[in-house]
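Right, one structure below, let's go through it.
Reminder, nothing fancy here: chain letters follow the sequence lines and each chain counts from 1.
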Protein chains: 2
Amino acid sequence: MRLLIVEDEKRLARSLAGGLRAEGYAVDVVHDGLEGLHRAGEGTYDLVILDIMLPGMNGYRVCGALRAAGNDVPVLMLTAKDGEYDEAEGLDTGADDYLTKPFSYVVLMARVKALLRRRGRSALPVLRVGELSIDQGAHRVERDGAEVTLTAKEFAVLEQLALRAGEVVSKAEILEHVWDFAYEGDNNIVEVYVSALRRKLGAAAIQTVRGAGYRLASDA
Amino acid sequence: MRLLIVEDEKRLARSLAGGLRAEGYAVDVVHDGLEGLHRAGEGTYDLVILDIMLPGMNGYRVCGALRAAGNDVPVLMLTAKDGEYDEAEGLDTGADDYLTKPFSYVVLMARVKALLRRRGRSALPVLRVGELSIDQGAHRVERDGAEVTLTAKEFAVLEQLALRAGEVVSKAEILEHVWDFAYEGDNNIVEVYVSALRRKLGAAAIQTVRGAGYRLASDA
DNA sequence: GCCGACCTGAAGCCAACCTGAAGCCACCTG
DNA sequence: CAGGTGGCTTCAGGTTGGCTTCAGGTCGGC
């Protein structure tokens, strides 16, 4: 589960990111509205936490632009209660929820979870690749109808491969999407997870393309 | 994969078209807004690169008109940063992304690919040369429908030849593109790979032009 | 016929990759 | 609070297969 925080107050951004990571989410942070729009537009995030006062492009416009482009990623807006902006306006631009600073950590967490849950109920597509069926909303994987239990990271890696089934996905790309983009570790970690997935899903499920990356068998 | 460039600065248009063609896209160029609207409206393009300052009809209106007609082809807008237009306005009219001149080639390429990928399917076109089909995204090659497995280097060499099918490509050019730019070894290595490719693809697939280089048979 | 350009099979080397094991940490449970 | 559990990450040894070099042969032009 991958979140994007668009917030220019660096201290706040850092503390939010820290807390959310502790809950097990992968979190990326950007400090500029335009940058935020591009990242959010990639379609790789499950939720965007969006400040309103931002350099580059303000939060209302970022959100409006996302919706105009047909992107329906859940957006949780943040703002200082200084009267200049109000809640109704935020919701009008297509935000899913709205939080006024200062807010407590617990409240934020509750809202984030509520949004993600709501999203889970709404139909996220179930990916079908070969004999696998990957339910993105429920985080469930079945192989030939039999459920396979995966850990969070295993699921995230498989999801990335499935989203681009048949294509080669490089280790760097998997790292970028599944781990925080600030992750500094060895990218041997990807190999470890691919190995685990093969053990659970069958060795033929994921093909190695030496020097290029991995490919989820789109036939098989 | 077919792109339309609507741009009245002929030099820029030509250079963009050249670069995109080199990546394997089919590219058409028009220099007038109205003409662009008609072509884009045909529904045969996978992406439109749209300048804002245009004779005939400006980019905002072209994009707005497309959307009003229910056409949701991805639109990447270009503009000079002269303050008269701003990014948010472009996105409001339904553009999917926006680039401020001057921009680097790499950035443009990244945005184009991001947009195409978001629109589903692979961003990279499948090259077809004679009886060969070369899927750049999947790193996969078929000859008359039968899959041929190539190594990373073999694939890269073939890709270079295919991107300029019918043309003679010198050994030096292949070396430069496929190997590290600082490669110091013998350029006999290219011969070795061509040899391997011929073994796998048939001797007639790659022609030698003595003293000049190699050519991928565009008929065959 | 000579010479340079090109072809291609063989073989060593090394990077990429795989995977089992173990440490660490957060969380749960009694 | 102690002990257990499970997931994440690191590490290291082993294996594989691709990359490159080399050398001997073939081909084509002059």
Charged N-O contact under 4.0 Å between R2(B) and D46(B): no
Touch class at under 4.0 angstrom, heavy-atom based, for V192(A) against every strand present: base
Evaluation steps, side chain to side chain contact (heavy atoms under 4.5 Å, CB included), between T208(A) and Y214(A): CA-CA 5 Å; T208(A) 301; Y214(A) 296 97; 3.6 Å; yes
Under 4.0 angstrom between T151(A) side-chain N/O and dC8(D) OP1 or OP2: yes
Minimum-distance nucleotide to R198(B) side chain [options: dC8(D), dG28(D), dC7(C)]: dC7(C)
Phosphate OP1/OP2 of dT20(D) contacted by W179(B) side-chain N/O (<4.0 Å): yes
Proximal nucleotide (of dC7(C), dT16(D), dT20(D)) relative to the Y193(B) side chain: dT20(D)
Nearest to side-chain heavy atoms of N188(A), which nucleotide of dT9(D), dT20(D), dT10(D): dT10(D)
Electrostatic pair E167(B)-R215(B), nearest N-O below 4.0 angstrom: no
Sugar-phosphate, base or nothing in reach of Y214(A), heavy atoms under 4.0 Å: sugar-phosphate
Nearest-neighbour nucleotide for the A152(B) side chain, dC19(D), dG28(D), dT8(C) considered: dC19(D)
Over 12 foreign heavy atoms within 6.0 Å of CZ, R198(B): yes
